[in-house]
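What follows is a short report on a single structure.
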There are 4 protein chains.
Amino acid sequence: MAEVGGIAGDHLRSFIERIERLEEEKAALAADIKDVYAEAKGTGFDVKIMRQLVRLRKMEDHDRTEQEEILDLYKRALGME
Amino acid sequence: MAEVGGIAGDHLRSFIERIERLEEEKAALAADIKDVYAEAKGTGFDVKIMRQLVRLRKMEDHDRTEQEEILDLYKRALGME
Amino acid sequence: MAEVGGIAGDHLRSFIERIERLEEEKAALAADIKDVYAEAKGTGFDVKIMRQLVRLRKMEDHDRTEQEEILDLYKRALGME
Amino acid sequence: MAEVGGIAGDHLRSFIERIERLEEEKAALAADIKDVYAEAKGTGFDVKIMRQLVRLRKMEDHDRTEQEEILDLYKRALGME
DNA sequence: CTGCCATTTTACCGGC
DNA sequence: GCCGGTAAAATGGCAG
């Protein structure tokens with residue numbers, strides 16, 4: 001661990017503050033997201049279902065290349081590459 | 001999918017896309033935070049300890065806010081606002 | 001929280017021991033899995049690729065009904081159910 | 001998939017299936033553990049505290065084992081085994 | 001207030 | 001023996 005006190009302390013403080021700044025922005029975005037859900041709910045949509053939709057669409061993105069990956073993996077696993 | 005449900009479908013899609021856009025930004029910030037921790041680690045700092053520090057400072061902020069809220073509550077109760 | 005000492009203590013101990021027993025079995029299975037990977041490695045297979053395969057196949061299982069789920073969700077979300 | 005790579009493919013499949021079988025059993029045990037925690041919670045115990053207890057007891061076991069290993073090491077160093 | 005879900009933290013495992 | 005990345009556990013937050 002770097003020295004306690006002096007320049008190392010300033011350095012640590014700098015890192016911590018950068019992180020805290022980023023986390024504030026992240027929290028702000030989380031709040032924005034919450035607001036959008038609330039707005040959608042006010043329009044009559046079901047928040048729980050919307051969350052499921054978002055989750056499933058994210059999974060779909062991950063799956064887009066999954067089949068190819070599996071084939072590639074089998075090939076590599078079997079030394080066919 | 002836009003044809004399913006007509007207007008409502010478009011509306012839903014709009015909400016979902018807004019959320020997904022915000023979540024992308026949130027993920028980008030999470031990656032930035034990760035990078036800062038990695039950089040700090042490369043400078044010799046202990047990431048686990050740093051995380052504890054950040055959490056502790058956040059809790060203190062939270063508690064401080066809570067105190068202020070209670071104070072406000074009392075002020076309003078006393079007609080001091 | 002239940003009383004400290006007396007019957008509650010015995011009860012707690014009983015729960016803890018049941019959990020520890022189950023965790024031992026789980027750890028034993030984890031060791032078995034490790035052994036299989038080691039054996040496969042000894043036969044010339046790449047452990048990292050095998051782990052990826054297992055992970056992707058698990059995802060495939062999860063995806064098996066995903067498309068239907070998504071359609072159902074959209075229908076419900078749009079009040080078409 | 002059995003046709004890909006012939007014998008090697010079958011061999012790989014065999015390993016993968018053994019692993020998947022073991023992982024299913026492991027998941028079942030994890031579910032059992034979850035159930036015990038839930039049951040304990042229903043009896044009035046604090047699950048979070050219980051988890052800490054289990055972790056602590058495991059650490060103590062680990063440390064005890066470590067001490068015994070060190071003792072063994074010394075014994076061997078002294079030709080006492 | 002309770003259960004579920006997302007996030008975050010911790011622990012593990014293989015590789016170098 | 002550490003490091004990086006990946007899976008598991010645990011905590012926190014949110015909707016109902």
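Residue numbers start from 1 in every chain, and the chains themselves are labelled A, B, ... in the order their sequence lines are given, proteins ahead of strands.
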Starting the side chain at C-beta, find the nucleotide from [options] nearest to [X].
X: A:R51; options: E:dG14, F:dA7, F:dC14; value: F:dC14
X: B:K48; options: F:dA8, F:dG16, E:dT10; value: E:dT10
X: A:R55; options: F:dA10, F:dA8, E:dA6; value: E:dA6
X: A:K26; options: F:dG16, E:dT7, E:dC13; value: E:dT7

Rounded to whole angstroms, how far apart are [atom1] on [X] and [atom2] on [N]?
X: C:D46; N: E:dC16; atom1: CG; atom2: C1'; result: 15 Å
X: A:D35; N: F:dC14; atom1: CG; atom2: P; result: 11 Å
X: D:K34; N: F:dA8; atom1: NZ; atom2: P; result: 14 Å
X: B:L56; N: F:dT11; atom1: CG; atom2: C1'; result: 16 Å
X: A:L22; N: E:dT7; atom1: CG; atom2: P; result: 17 Å
X: C:Q52; N: E:dC13; atom1: CD; atom2: P; result: 18 Å
X: A:L29; N: E:dA6; atom1: CG; atom2: P; result: 18 Å
X: B:I19; N: E:dA6; atom1: CD1; atom2: P; result: 13 Å

task: Flag the pair D:R64 and D:D61 as a salt bridge only when some basic side-chain nitrogen lies within less than 4.0 angstrom of an acidic carboxylate oxygen.
output: yes
A:R21 with A:E17: basic N within carboxylate O range, under 4.0 Å = no
Could you check whether any side-chain heavy atom of [X] comes within less than 4.5 Å of a side-chain heavy atom of [Y], counting everything from C-beta outward?
X: B:V54; Y: B:R51; value: no
X: A:I19; Y: B:M50; value: yes
X: D:E66; Y: D:D63; value: yes

When B:E23 and C:Y37 are each assigned the nearest nucleotide of DNA chain E, the 5'-most assignment goes to B:E23
Base, sugar-phosphate alone, or nothing: which one does D:K41 contact when heavy atoms must sit under 4.0 Å apart? sugar-phosphate
